[in-house]
Q: 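Before anything else, here's the structure in question.
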Amino acid sequence: MVEYNDLIFEISRSGRVGYSLPKSDVKSVDLQDKFPKHLIRDEAAELPEVSELQLVRHYTALSNKNHGIDNGFYPLGSCTMKYNPKINEDVARLTGLSRIHPYQPSETVQGALELLYNLQEELAVITGMDAVTLQPSAGAQGEWTGLMMVKAYHEQKGEVRKKVLVPDSAHGTNPASASVAGFKTVTIPSNENGLVNLDELKKHVDSNTAALMLTNPNTLGLFEQEIAEIAAVVHEAGGLLYYDGANANAILGKTTPGTMGFDIVHLNLHKTFTGPHGGGGPGAGPVGVKEFLLPYLPVPRVEKDGDKFVLNSNYPLSIGRVKGYHGNFGILVRAYTYIRTLGPIGLREVSEGAVLHANYLRKRLEPYFDAPYSQICKHEFVLSGSRQKKLGVRTLDMAKRLLDFGYHPPTIYFPLNVEECLMIEPTETESKETMDAFADVMIQIAKEVEENPGIVLEAPHTTVIGRLDEVQAARQPILRYKKEESAVKVKEPVNV
Ligand SMILES: *Cc1c(COP(=O)(O)O)cnc(C)c1O
């Protein structure tokens, strides 16, 4: 049988076509004097010549190889892979929202601006902030946007503050964003309970401290109980508090970063607010601020003027525009639909479900793995594979073994302060049956490590390609078809 997945070039037959275009009514142009010589092809590109049906089968086969939330459990901690409700897709496709142009005059896109305005207002309530920008297109860009406002704020006060404090459990984007914004990051070690070590924090907070970046609950899934005191320590020294709200799944309708004392927050709409985010697709990382930081927000701002919605760029202290147009509009529409579908009570139920699910799964798995922070968690929890490592099997091997059962593995080796870390986030949209089936497989793998480690060490057995050389794949990716190099060694599938 012809396999349509990687043979698109091989099934090519000269002269076969999969398209028909109308006759061009545009005059052809001589490129010779318009482009540098070396950019002009001498001969036509060598593309596969296939029929429409062959092409459809090729892409369908490729898409079936991809693991997504629509075809399986995806407990990737710190990534909040929750269901993407299909009503969001319906709304995002309404022509009044999908067929408009960002350069259209404001009067002609009042509905779209109203949606953006309402979303700003709702996210402000959800985060306990006073104003929100929807421009940033990812969590990391939100962080950077927030830190540029931190910088502008201190500069406006005539202060130069160079340090940004980040706990050792922080997401890697936190120190990276601080560096890109021109700060020096200082790592604050966690205490034995996995929380911010207040004494260490006090040692590092001084008049050079621009901000503390914090996730609460942190990436171990634990709530920082001393948050009020942490906030006071930083504020007393004149620093600001930045809340990494990428995963707000545990706090919706329960508390807000504003209540906890934070000045700036970003949210990941592609995580907590159900934007599809596999494959690095478009995201949205809106940033909310307290009133005193409003003048620094990116422009243009979407505002309400009487009963009209307008774009206002008249903010002289603004850090400027951080993204073309008005952010990733389609993702904003999906998040707005999600928020309006659930309402405030529904959002609170989301968080209650997320926390319940995480604790249920934690309890089922804790007897079989080391649990460095065994206590009630929020929306996610960490286990350690150090017990299995003593038997010669690493967390990476167990993650690969999960693929044989059709599960996307949890996040592994993050956060960095847990040895052989497995970080699991089941999300509230999964059924008890799905979580039980996953737990059963995890327990089976733990038993295999003791009784038959070879099967784990050699996993995966059922995927088209076994273990990749991940370093080589990142350093020397082959992004273009070349007959010789694309001869990927395909393992014979094994039935288990
Ligand atoms: C995902 C995540 C980020 C980064 O968000 P991106 O949209 O991937 O840039 C930051 N912090 C935490 C805690 C995250 O989980």
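A quick note: this is a predicted structure, and the numbers were derived from the prediction, not measured. Only this structure's heavy atoms are used, side chains among them; waters, hydrogens and symmetry mates stay out. Ligands are counted one by one from 1 in listed order, and the atoms in each one are counted from 1 as well.
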Q: Centroid-to-centroid, His171 to Phe414, below 6.0 Å?
A: yes
Q: Please state which protein non-hydrogen atom is closest to atom 2 (C) of ligand 1 and give its distance, to 0.1 Å?
A: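 Result for atom 2 (C) of ligand 1: Lys271 NZ, 2.4 Å.
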Q: With sequence neighbours left out, write down each residue that passes salt bridge (Lys or Arg N to Asp or Glu O under 4.0 Å) with Glu224, or none if nothing qualifies.
A: none
Q: State, without any angle test, whether Tyr243 and His266 hold a side-chain donor-acceptor pair at a distance under 3.5 Å.
A: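 No, because no side-chain N or O of Tyr243 sits under 3.5 Å from a partner of the opposite role on His266.
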Q: Considering heavy atoms of the protein only, find what lies nearest to atom 5 (O) of ligand 1 and give residue, atom and distance to 0.1 Å.
A: Asn268 ND2, 3.0 Å
Q: Among all protein heavy atoms in this structure, tell me which lies nearest to atom 11 (N) of ligand 1, with the distance rounded to 0.1 Å.
A: Asp244 OD2, 2.6 Å
Q: Lys82 and Asn249: side-chain donor and acceptor closer than 3.5 Å?
A: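 Yes, a side-chain donor-acceptor pair sits under 3.5 Å.
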Q: Just let me know how Ala138 lines up against ligand 1, side chain, backbone, both or neither, with a heavy-atom cut-off below 4.0 Å.
A: both
Q: Could you tell me, atom by atom, which parts of ligand 1 come under 4.0 Å of a heavy atom of Ser78?
A: 1 (C), 13 (C), 14 (C), 15 (O)
Q: Taking NZ, NE, NH1 and NH2 as the nitrogens, is one of them in Lys304 or Glu114 under 4.0 Å from a carboxylate oxygen of the other?
A: no
Q: Looking at Asn247, which atoms of ligand 1 are within less than 4.0 Å of one of its heavy atoms?
A: 13 (C), 14 (C), 15 (O)
Q: Using a 4.0 Å cutoff against the non-hydrogen atoms of His270, which atoms of ligand 1 qualify?
A: 7 (O)
Q: Do Asp397 and Lys400 meet the salt-bridge criterion of a basic N to acidic O distance under 4.0 Å?
A: no
Q: Which protein non-hydrogen atom lies closest to atom 9 (O) of ligand 1, naming both residue and atom, and how far is it?
A: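 Checking every protein heavy atom, the shortest distance to atom 9 (O) of ligand 1 gives Ala140 N, 2.8 Å.
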Q: Side chains of Ser78 and Glu380: donor-acceptor distance under 3.5 Å anywhere?
A: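 There is no such pair between these side chains.
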Q: Give the residue, atom name and distance (to 0.1 Å) of the protein heavy atom nearest atom 6 (P) of ligand 1.
A: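 The protein heavy atom lying closest is Gly139 N, 3.4 Å.
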Q: If we only consider heavy atoms of His277, is any one of them less than 4.0 Å away from an atom in ligand 1?
A: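 His277: no contact with ligand 1 (<4.0 Å).
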Q: Which ligand 1 atoms are under 4.0 Å away from a heavy-atom of Glu143?
A: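 Listed by number with element, the hits are 10 (C), 11 (N).
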Q: Answer yes or no: is there an ion pair linking Glu89 with Lys86, defined by an N-O contact shorter than 4.0 Å?
A: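 Not counted as a salt bridge, because no side-chain N and carboxylate O are separated by less than 4.0 Å.
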Q: Compute the minimum heavy-atom distance from Gln141 to ligand 1 and say whether it is under 4.0 Å.
A: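 Outside the 4.0 Å threshold, so no.
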